[in-house]
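This report refers to the structure that appears directly beneath it.
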There are 2 protein chains.
Amino acid sequence: MEKVPEYCRVEDALGILVGKWKPVILLYLLQEGTKRFSELKRSMPGITQRMLTKQLRELEDEDIIERVVYPQVPPKVEYSISEYGRSLEPILEAMHEWGSKHTLHKMEKQNQKSM
Amino acid sequence: MEKVPEYCRVEDALGILVGKWKPVILLYLLQEGTKRFSELKRSMPGITQRMLTKQLRELEDEDIIERVVYPQVPPKVEYSISEYGRSLEPILEAMHEWGSKHTLHKMEKQNQKSM
DNA sequence: CAGGATCCCGAAGGATACTG
DNA sequence: CAGTATCCTTCGGGATCCTG
């Protein structure tokens with residue numbers, strides 16, 4: 001087998017999903033389509049403007065989402081999943097599903113302890 | 001749609017994969033089966049003992065890997081993917097594959113810039 | 001409205017030394 | 001061999017304030 005660390009490309013995908021709000025943003029845009037900055041912000045209680053901006057920029061830099069600016073006052077900016085970004089959908093869904101089961105798994109484990 | 005942040009379980013799966021060496025460890029154990037601590041260490045140039053131990057413990061705590069200690073001198077400890085941990089395999093492979101393609105994607109993008 | 005600029009903190013991770 | 005224990009650095013992320 002090839003040397004492992006060089007061979008493993010999991011982290012290249014991981015790097016895109018990692019970020020406290022990225023999975024949420026992606027799942028939201030995948031399901032709801034195009035959204036404005038303020039809509040995104042409203043849908044994610046607790047996120048700050050700075051954080052939302054940062055996460056969106058990083059996703060945009062990786063070509064996962066698209067950003068459209070409407071030159072008007074007040075400003076209007078829309079975000080959506082790019083064609084390329086859609087290729088991540090199966091992975092996100094698989095993780096979402098696995099995560100749901102794992103949450104149950106941990107709860108059962110917790111219950112055993114307290115018996 | 002339900003409130004997004006509460007609904008999204010992607011991070012529950014993500015939390016297990018995140019850690020500088022976890023994907024590498026998992027991919028290695030998935031492909032090579034059972035390995036000793038020293039074998040793992042040798043296969044991952046750059047990792048420190050402390051880090052390897054930490055990542056293994058965290059994966060063990062999530063029931064993803066199994067740890068078997070042979071009470072002998074010198075010590076012998078073997079690690080392997082658990083039955084439960086195998087359920088992560090499709091996700092890891094999907095991410096590995098996506099990551100490979102994304103690496104190419106970024107290279108092409110880079111070339112365009114320098115033209 | 002959609003951000004950029006600063007300041008700050010805690011957790012992740014590296015280096016090194018010691019041990020049953 | 002397979003770990004702990006300590007110390008130190010880096011960086012993601014929160015809070016707050018300012019602006020075209």
Side-chain angles (χ1 to χ4, degrees), chain A residues 4-5 8 10-26 28-29 32-62 64-80, chain B residues 4-5 8 10-26 28-29 32-62 64-80:
Chain A
V4 189
C8 176
V10 173
E11 345 232 353
D12 297 276
L14 216 49
I16 289 176
L17 273 11
V18 168
K20 194 166 183 191
W21 301 91
K22 283 180 192 170
V24 176
I25 292 171
L26 291 175
Y28 186 59
L29 287 179
E32 306 282 305
T34 302
K35 288 290 168 187
R36 297 184 58 167
F37 184 87
S38 51
E39 292 178 299
L40 285 165
K41 181 148 170 36
R42 239 176 297 117
S43 307
M44 298 168 204
I47 198 171
T48 61
Q49 287 192 337
R50 173 185 130 81
M51 262 303 117
L52 182 53
T53 305
K54 257 192 70 184
Q55 308 278 300
L56 288 169
R57 286 289 174 285
E58 292 177 18
L59 290 170
E60 192 195 354
D61 289 344
E62 301 286 356
I64 306 300
I65 64 175
E66 271 159 13
R67 175 169 177 265
V68 178
V69 182
Y70 295 84
Q72 60 185 44
V73 180
K76 174 180 172 186
V77 181
E78 286 186 342
Y79 293 91
S80 58
Chain B
V4 190
C8 176
V10 173
E11 344 232 352
D12 297 276
L14 216 50
I16 290 175
L17 271 12
V18 168
K20 196 166 180 187
W21 301 92
K22 283 180 192 169
V24 176
I25 292 171
L26 291 174
Y28 186 59
L29 288 179
E32 306 280 308
T34 302
K35 287 291 168 186
R36 297 184 58 168
F37 184 86
S38 51
E39 292 179 298
L40 285 165
K41 181 149 170 34
R42 238 177 297 117
S43 306
M44 298 169 205
I47 198 172
T48 61
Q49 288 192 337
R50 175 184 128 82
M51 260 305 118
L52 182 51
T53 304
K54 258 192 69 184
Q55 307 279 299
L56 288 169
R57 285 288 175 286
E58 292 177 19
L59 289 170
E60 193 194 351
D61 289 344
E62 300 286 355
I64 307 300
I65 63 175
E66 271 159 13
R67 176 170 177 264
V68 179
V69 182
Y70 296 85
Q72 60 184 46
V73 180
K76 175 179 171 183
V77 181
E78 285 186 342
Y79 293 89
S80 59

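Note that the structure is predicted; figures quoted are calculated from it, not measured. Below, chain A is the first sequence line, B the second, and so on; all start at residue 1. Worth knowing before you read on, the calculation uses all heavy atoms, side chains too, and leaves out hydrogens, waters and symmetry mates.
- Across the protein-nucleic acid pair, Ile25(A) atom CD1 and dA2(C) atom C1' stand 14 Å apart, rounded to whole Å.
- Phosphate contact (OP1/OP2 of dC1(D), side-chain N/O of Tyr79(B), threshold under 4.0 Å): absent.
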Carefully, step by step, assess Lys22(A) and Glu58(A) under the rule salt bridge (Lys or Arg N to Asp or Glu O under 4.0 Å).
CA-CA 9 Å; Lys22(A) 283 180 192 170; Glu58(A) 292 177 18; 2.6 Å; yes
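- For the side-chain contact (heavy atoms from CB on, under 4.5 Å) test with Leu29(A), the passing option among Val24(A), Leu40(A), Ile64(A) is Leu40(A); the others fail.
- With rounding to the nearest 0.5 angstrom, the CD1 atom of Ile65(A) is 12.5 Å from the CD atom of Glu78(A).
- In this structure, Lys35(A) forms no cation-pi arrangement with Tyr79(A), as its terminal cationic atom is not both closer than 6.0 Å to the ring centre and no more than 45° off the ring axis.
- Residue Tyr70(A) is out of contact with every strand shown, counting any heavy-atom pair closer than 4.0 Å.
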Tabulated below should be each protein N or O lying under 3.5 Å from an N or O of nucleotides 15-20 of chain D; please produce it.
residue, atom, partner, partner atom, Å
dA15(D), N6, Arg50(A), NE, 3.2

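- For the atom pair NZ of Lys54(A) and CG of Leu59(A), the computed distance is 12.0 Å after rounding to the nearest 0.5 Å.
- Computed from coordinates, the Met44(A) CE to dG13(D) P distance equals 14 Å when rounded to whole Å.
- One atom, NZ of Lys20(B), and another, C1' of dT9(D), lie 13 Å apart when rounded to the nearest Å.
- Distances shorter than 4.0 Å separate none of the side-chain N or O atoms of Lys54(B) from OP1 or OP2 on dG14(C).
- Distances were taken from every side-chain heavy atom of Ser38(A) (C-beta onward) to each of dG14(D), dA2(C), dC1(C); the shortest belongs to dA2(C).
- Comparing atom distances between the Arg36(A) side chain and each of dG13(C), dG3(C), dC1(C) picks out dC1(C) as nearest.
- To the nearest angstrom, P of dA2(D) lies 12 Å from NZ of Lys35(B).
- Looking at Gln55(B), its side chain never comes within 3.5 Å of a backbone N or O of Leu52(B) through a donor-acceptor pair.
- Taking only side-chain nitrogens and oxygens, Trp21(A) comes nearer than 4.0 Å to OP1 or OP2 of dG14(D).
- Contacts of Gln55(B) with the nucleic acid, taken as non-hydrogen atoms under 4.0 Å apart, involve only primed sugar atoms and P, OP1 or OP2.
- Between Arg67(A) and dA2(C) there is no side-chain polar atom (N or O) within less than 4.0 angstrom of OP1 or OP2.
- Looking at heavy-atom distances under 4.0 Å, Lys76(B) makes contact with sugar-phosphate atoms alone, never a base.
- Residue-level contact check: Glu78(A) touches neither bases nor backbone, having no heavy atom under 4.0 Å from any strand.
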Before you tell me yes or no, could you show the steps for Arg36(A) and Val77(A) under side-chain contact (heavy atoms from CB on, under 4.5 Å), namely the whole-Å CA-CA distance, both residues' side-chain angles and the distance that decides it to 0.1 Å?
CA-CA 6 Å; Arg36(A) 297 184 58 167; Val77(A) 181; over 6 Å; no
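- In this structure, Met51(B) atom CE and dT9(D) atom P are separated by 16 Å, rounded to whole Å.
- If you check the side chains of Tyr28(B) and Ser43(B), you find a donor sitting under 3.5 Å from an acceptor.
- Residue Glu60(A) contributes atom CD, which lies 15 Å from atom P of dA2(C) at whole-angstrom precision.
- Counting to the nearest Å, the C1' atom of dG3(D) and the CD atom of Gln72(B) are 15 Å from each other.
- Rounded to whole Å, atom P of dA2(D) lies 11 Å from atom NZ of Lys41(B).
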